[in-house]
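Just so we're on the same page: letters track the sequence lines, and every chain starts at 1.
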Amino acid sequence: DVKVTQSSRYLVKRTGEKVFLECVQDMDHENMFWYRQDPGLGLRLIYFSYDVKMKEKGDIPEGYSVSREKKERFSLILESASTNQTSMYLCASSLTVRETQYFGPGTRLLVL
Amino acid sequence: KNQVEQSPQSLIILEGKNCTLQCNYTVSPFSNLRWYKQDTGRGPVSLTIMTFSENTKSNGRYTATLDADTKQSSLHITASQLSDSASYICVVSHTGTASKLTFGTGTRLQVTL
């Protein structure tokens with residue numbers, strides 16, 4: 001079974017702090033994704049990566065950056081957290097872009 | 001504009017009953033359509049994936065249908081169980097890169113005794 005793990009289930013940060021969310025997958029997938037999920041809006045793609053050190057902006061990249069130094073690990077960085085970044089963050093991976101994405105359990109981030 | 005609309009927003013049914021969830025989309029060009037189940041506080045888990053040429057796909061008690069002409073899909077749940085209580089998300093993929101996924105906002109299903 002594919003396993004996608006995220007470093008924290010719950011996180012509380014203060015406005016202006018730098019926040020790191022880590023995601024690790026164990027199935028040698030090429031593609032990894034970061035989404036945020038807010039009530040009534042569905043999942044929205046922040047960034048995705050199709051290879052080590054490669055990244056592409058999704059629909060809402062503003063205020064975020066990412067890092068993929070190793071194939072199995074994809075990090076989401078909030079350079080200066082703001083209250084409007086309070087959300088559920090979901091990481092996913094897939095073997096190819098057309099195949100099913102496997103999601104991690106999510107990190108619920110609260111920015112005060 | 002590419003959109004995926006799901007109905008109803010929420011649904012309550014008795015255990016053992018069947019139900020059908022709807023998904024209408026305006027995504028073009030179409031690649032595939034997926035249904036995910038998301039338990040509260042968890043990440044989504046894939047139930048089915050259908051391409052343009054497929055009109056039905058089953059996964060246990062879950063059966064998805066696709067009408068590519070009318071751009072509609074449904075997810076039918078047979079003999080519901082308490083564990084079916086979750087959000088069900090319809091996701092439509094465009095041809096091209098991975099970024100071209102459009103997510104519906106989900107149907108929240110509650111199965112009660």
Side-chain angles (χ1 to χ4, degrees), chain A residues 1-6 8-10 21 23-25 29-51 54-61 66 68 74 87-109, chain B residues 1-10 21-27 29-54 57 59 62 64 86-108:
Chain A
D1 275 355
V2 175
K3 191 154 187 185
V4 180
T5 57
Q6 295 183 228
S8 306
R9 293 299 306 275
Y10 302 94
L21 302 182
C23 175
V24 178
Q25 50 95 2
H29 283 173
E30 302 289 337
N31 304 280
M32 296 187 75
F33 311 83
W34 275 108
Y35 295 91
R36 63 177 283 177
Q37 185 177 32
D38 300 290
L41 292 179
L43 276 78
R44 292 179 292 167
L45 181 66
I46 304 171
Y47 268 98
F48 77 99
S49 168
Y50 50 90
D51 202 352
M54 307 302 286
K55 61 186 180 185
E56 280 200 28
K57 293 180 180 179
D59 299 318
I60 51 165
V66 290
R68 193 161 179 208
F74 192 33
S87 186
M88 169 76 126
Y89 290 88
L90 288 159
C91 174
S93 73
S94 68
L95 186 59
T96 71
V97 296
R98 293 182 184 263
E99 293 193 28
T100 296
Q101 292 183 12
Y102 294 87
F103 285 84
T107 295
R108 191 167 290 281
L109 173 66
Chain B
K1 183 180 176 184
N2 291 316
Q3 284 188 313
V4 175
E5 295 187 355
Q6 293 186 242
S7 62
Q9 278 191 323
S10 61
L21 314 180
Q22 300 290 344
C23 172
N24 296 337
Y25 62 93
T26 59
V27 172
F30 174 87
S31 177
N32 59 55
L33 184 145
R34 312 162 196 206
W35 283 94
Y36 282 87
K37 177 187 179 189
Q38 185 176 21
D39 293 315
T40 301
R42 302 270 182 185
V45 174
S46 178
L47 293 174
T48 64
I49 179 170
M50 289 183 292
T51 60
F52 185 88
S53 59
E54 296 173 297
K57 186 160 279 188
N59 178 359
Y62 300 101
S87 287
Y88 292 84
I89 302 171
C90 176
V91 185
V92 182
S93 172
H94 318 200
T95 55
T97 69
S99 64
K100 297 185 188 299
L101 289 179
T102 303
F103 288 79
T105 55
T107 292
R108 178 76 196 158

Side chain, backbone, both or neither of Gln6(A) within contact of chain B (heavy atoms, under 4.5 Å): neither
Counting only heavy atoms not in Glu5(B), do more than 12 fall under 6.0 Å of its CD? no
Region of Arg9(A) in contact with chain B, defined by heavy-atom distances below 4.5 Å: side chain
Can you find a heavy atom in the side chain of Gln101(A) that is under 4.5 Å from one in the side chain of Val91(B)? no
Measure distances from Gln9(B) to the heavy atoms of chain A and classify the residue's part below 4.5 Å as side chain, backbone, both or neither. neither
Between CG on residue Asp59(A) and CG on residue Leu101(B), distance to nearest 0.5 Å: 9.5 Å
Largest heavy-atom contact set with chain A, pairs under 4.5 Å, which of Gly41(B), Gly106(B), Ser87(B): Gly41(B)
Pick from Thr100(A), Leu90(A), Asp38(A), Thr96(A) with the largest number of heavy-atom pairs that fall under 4.5 Å of chain B: Thr100(A)
Test applied, side chain to side chain contact (heavy atoms under 4.5 Å, CB included); reference residue, Leu43(A); option that passes from Thr105(B), Ile89(B), Thr102(B): Ile89(B)
Partner set under side chain to side chain contact (heavy atoms under 4.5 Å, CB included) for Asp39(B), not counting sequence neighbours: Lys37(B), Arg42(B), Ala86(B)
From Phe103(A) atom CZ to Ser46(B) atom OG, the distance as rounded to the nearest 0.5 Å: 9.5 Å
With sequence neighbours left out, the residues meeting side chain to side chain donor-acceptor pair (under 3.5 Å) with Tyr36(B) are none
